[in-house]
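Just below is one structure, and these are the notes that go with it.
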Amino acid sequence: MAGVKVRGDSMDGTLADGDWVLVDRSSRDPHPEGVFLLLVHDERRIKRVQRVAGGAWLLISDNPRYEKELIKPHDMKDVAILGWCEIRVGRVL
């Protein structure tokens, strides 16, 4: 397990800016679908990952203001799943 601090609002509704997420780095297969820590073009992101037809992945933000991002099989070289986001530790308001 590794701790990662959430930055930004793309996962609002599930994760808030400033929350901490415990990531299971041994779980790197997006099956079943879930929320994962990813490395996309050398940038860490937390997104919901969904497999789609043809071997592509759909990266989904829980905040509806953000568009879904399709990662086609030929673009997979630029994407790595670093682990499954298992536990959220939120702030006390």
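For this chain, numbers begin at 1 and follow the sequence in order.
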Task: Value rounded to 0.5 Å, distance of CD1 in Ile81 from CG in Leu38 - done: 5.5 Å
Task: Verify same cluster id: Leu37, Leu15 (apolar side-chain graph, 4.5 Å) - done: yes
Open item on the list: Ignoring hydrogens, what is the shortest heavy-atom contact between Ala2 and Arg25? Give both atom names and the distance.
Closed with: CB-NE, 3.3 Å
Open item on the list: Under a 3.5 Å cutoff, is there a donor and acceptor pairing between the side chains of Ser61 and Asn63?
Closed with: no
Task: Joint hydrophobic cluster, Val40 plus Phe36, side-chain heavy atoms closer than 4.5 Å - done: yes
TODO: Scan for side chain to side chain donor-acceptor pair (under 3.5 Å) pairs involving residues 1-10, sequence neighbours excluded, and state none if there are none.
DONE: Asp9-Arg65, Asp9-Tyr66, Ser10-Lys47
TODO: Go through the steps for Leu82 and Val23 under the test side chain to side chain contact (heavy atoms under 4.5 Å, CB included), then give the verdict.
DONE: CA-CA 8 Å; Leu82 302 178; Val23 178; 5.7 Å; no
- [ ] Indicate if Leu39 and Val4 have the same hydrophobic cluster label, given that clusters are the connected sets of ILVMFWY residues with side-chain heavy-atom separations under 4.5 angstrom.
- [x] yes
Task: Close side-chain approach of Trp84 and Val21, heavy atoms under 4.5 Å - done: no
Task: Cluster link Leu58 to Val49, ILVMFWY, side chain under 4.5 Å - done: no
Task: Same apolar cluster: Val6 and Val35, side chain cutoff 4.5 Å - done: yes
Open item on the list: For a quick test of reading the model, state the closest non-hydrogen atom pair linking Ile46 to Met11 and the distance between them.
Closed with: O-CG, 3.4 Å
Task: Atom CZ of Arg44: over 12 foreign heavy atoms under 6.0 Å - done: no
Task: Qualifying side chain to side chain donor-acceptor pair (under 3.5 Å) pairs with a residue from residues 32-42, counting only residues at least two apart or across chains - done: none
TODO: Answer whether the closest heavy-atom distance between the side chains of Trp57 and Val79 falls below 4.5 Å.
DONE: yes
- [ ] Might you point out which heavy atoms bring Ile60 and Gln50 nearest each other, and give the distance in Å?
- [x] CD1-OE1, 3.9 Å
Open item on the list: Suppose the criterion is side chain to side chain donor-acceptor pair (under 3.5 Å): which pairs have a residue in residues 68-77, not counting sequence neighbours?
Closed with: Arg45-Glu69
- [ ] Write down the atom of Gly54, the atom of Pro73, and the distance for their closest heavy-atom approach.
- [x] O-CG, 3.2 Å
